[in-house]
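Single-structure report; data block below.
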Amino acid sequence: MSTSSAVLTRPAGRPSGAVARSADLRLFRSEVRLVLGRRRNLALIAVLCCFPVLIGLAVHHSPTTPGDGPPFLSQVTDNGLFLVFTSLTVLLPFFLPLAVAVTAGESVAGEASIGTLRNLLVVPVSRTRLLVVKYAASVVFAFVCVAAVALVGVVVGLVLFPHGDVTLLSGTTVSYGEALWRSLLVLGYVTAMLAGLAAIGLFVSTLTEVPIGAMAATAVLAIISQIADSIPQISAIHPYLFSHPWMRFGDVLRSPMSWHGLEQGLLTQLAYLAVFLPAAWARLRTKDITA
Amino acid sequence: MTAPVGVAERAPAGPDAGTALAIRTTGLTKRFPGGQVAVDAVDLAVPHGAVYGFLGPNGSGKTTTIRILLGLVSATAGQIELLGEAMPRAGATVLPRVGALVEGPAFHPYLSGRDNLLRLDAGDRTVPGRAARARVDSALERVGLTAAAGKRYRKYSLGMRQRLGLAAALLRPRELLVLDEPTNGLDPQGTREVRHLLREASAEGSTVFVSSHLLSEIEQVCTDVGVMSHGRLVFQGSLPELRAAAGVRVRVETSMPEAAATVLTRLGTGRPELRPDGVVAELGTVPSDKVTADLVAAGIDVRQLVVERPDLEDLFVALTGEGFDVDE
């Protein structure tokens, strides 16, 4: 043991603005590193990235042009870029929500279950700041998942399939560069769609100290929403389901882009954010941390 | 870690030393939703600069009290002041000045010891980020973990985990350290090192509030003591006061117990108890040499005179009414 060193300064009472902001950034980076550094999360991303490869190989090796199958599949042989969209279509109902449910469900409950929540709170990280950082990291993780799938899709598409001008769904043809730019919009839209689920997961995560429970509950809610969305008898509630507008990203691939559906989709997610983020805050703010 | 040095002089505490208390609670009560009262009208008074031993058997409400002090658990009733400011309202400004270890160490198993501390350091909005690494390394050095800094936490032994918990509390100089069972799971050498750390922190001017279910582990470093039992604070005072409360008794072996009892009563001891071979009485404030002189002067054949100081551990058990049983 040594006596305290000179680098330590006497604590000042009130946080100064610049120092506080840089600390907020450090905490956010630490959180993102924690999420992206977990082997399980990396494995999830790796599994997601297998899909564009598998689909690409399957289409490449099949003798006939696929007629039936997921949307955009038949366009893949015309232009490899469609591998991105067909992969997202395949992954959006289950695997992407699962990845988001895992990180969002774990966010608070995971820290509570191993006891690190109490350490953070006495640092002190205020409960509000903790939720903001946790939520932001979950959304970042969702984006990384979607972006990884897209990146692998683009690369596999370039390797296995033609990559000239892209014929959009509306029949118009745009340059590959323009189509790439539209793909970025698709990434943004899909991430925003998952942000609603991440907010639900964050709230569920504040209810329990068992992370696996929060993950499962969040994933189940994503499935229930989609099942409800497929039952025509209850079509009245369909517009309010958070999964209802998920698949609308195809609208980006029309010319002109049809913004209306996309806007509705974003508004739906905003509504879920507006409900579940305050709910998570209200829950955590008053919670006794006994773990 | 090196061998402990002697106890340093108690350094002058904060600016309001003597006037204010480092920790003060009034009527602190916690009733959990199930109706169980974990903390029952506790009035803590921890002076600035003290090393305050917070004692009690497992389950007596120590950890819940500590959690309330730090704002982790809300109190059902009562007021809390840490370093002169009301908690939990002033948490953002007070807690950076408080180093805490609550209910054993807890860290991310897949991160190294250093990364775990960097994460906690990042949460502190009152310190500049550029010195983070220096703060963390200095804290690791203080607890002797420099060599294991890059190792994953899950590979740490229990002793190393406990030390990492202490390092987190020592990330920066603190005006107050709140340490919950810091010697839990440590071997005798580790326990001694923790005591040394406490002395060192105290010498640097920190007030130390340390809980333990074993009085013997912290008796040597404490200046003040609070004893919890079944959610209540059953004793609070300085260590000499605790010793006084222990009831020093004098035992006189003689063939003339009645005569000896008369002398003792005249001297103002507690009511003497007659025994076949002599007499026993609470000594109170009577000096023991006066007892000897008066007995001899009264012509009593004193075969042996013993001043009995009960072991503090015995007193502790007497106060809390606990042996190995755990409070419900």
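Quick note on labels: first sequence line is chain A, next is B, and so on, each numbered from 1.
Taking the charged nitrogens against the carboxylate oxygens, R33(A) and D115(B) have no contact shorter than 4.0 Å, which rules out a salt bridge. Between D180(B) and R67(B) there is no salt bridge, since no side-chain N of the basic residue sits under 4.0 Å from a carboxylate O of the acidic one.
Top candidate by heavy-atom pairs under 4.5 Å with chain A, chosen from V102(B), V178(B), N116(B), is V102(B). Among the candidates L27(A), L121(A), L120(A), the residue making the largest number of heavy-atom pairs closer than 4.5 Å to chain B is L27(A). The candidate from L120(B), L145(B), D124(B) with the greatest count of non-hydrogen atom pairs under 4.5 Å with chain A is L120(B). Your options are L117(A), V125(A), L34(A), and the one with the most heavy-atom pairs under 4.5 Å with chain B is L34(A). Top candidate by heavy-atom pairs under 4.5 Å with chain B, chosen from R21(A), R129(A), R38(A), is R129(A). Interface remark: of the candidates L95(B), L72(B), V73(B), L72(B) forms the most heavy-atom pairs closer than 4.5 Å to chain A. Options T286(A), V133(A), I114(A) differ in how many heavy-atom pairs under 4.5 Å they form with chain B, and the most are formed by I114(A).
Contact record, S205(A) with A104(A): CB-O, 3.5 Å, taken as the closest heavy-atom pair.
Both the backbone and the side chain of L70(B) come within contact range of chain A, with heavy atoms under 4.5 Å apart. Looking at P33(B), neither its backbone nor its side chain comes within 4.5 Å of chain A, counting heavy atoms on both sides. Looking at L130(A), neither its backbone nor its side chain comes within 4.5 Å of chain B, counting heavy atoms on both sides. Heavy atoms closer than 4.5 Å to chain B are found in the side chain of R39(A), but not in its backbone. Contact annotation for E31(A): both backbone and side-chain heavy atoms come within less than 4.5 Å of a heavy atom of chain B. If you measure heavy-atom distances from Y110(B) to chain A, the contacts under 4.5 Å come from the side chain alone. Contact annotation for S126(A): neither backbone nor side-chain heavy atoms come within less than 4.5 Å of a heavy atom of chain B. Heavy atoms of R29(A) lying under 4.5 Å from chain B are absent altogether.
Side chains of E111(A) and T116(A): a donor-acceptor N/O pair is present below 3.5 angstrom, by distance only. Side chain to side chain, S30(A) and R119(B) meet the donor-acceptor criterion of an N or O pair below 3.5 Å. Side-chain contact, T146(B) with D137(B): no donor N or O sits under 3.5 Å from an acceptor N or O.
Of the residues V156(A), V155(A), V149(A), the one that meets the side-chain contact (heavy atoms from CB on, under 4.5 Å) test with V152(A) is V156(A).
Ring geometry, F276(A) versus Y272(A): the interplanar angle falls under 30°, so the pair is classed parallel (tilted spans 30 to 60°).
A distance of 5.0 Å separates CZ of R97(B) from CG of L83(B), quoted to the nearest 0.5 Å.
R163(B) contributes no side-chain N or O that, together with a main-chain N or O of V194(B), makes up a donor-acceptor pair within less than 3.5 Å.
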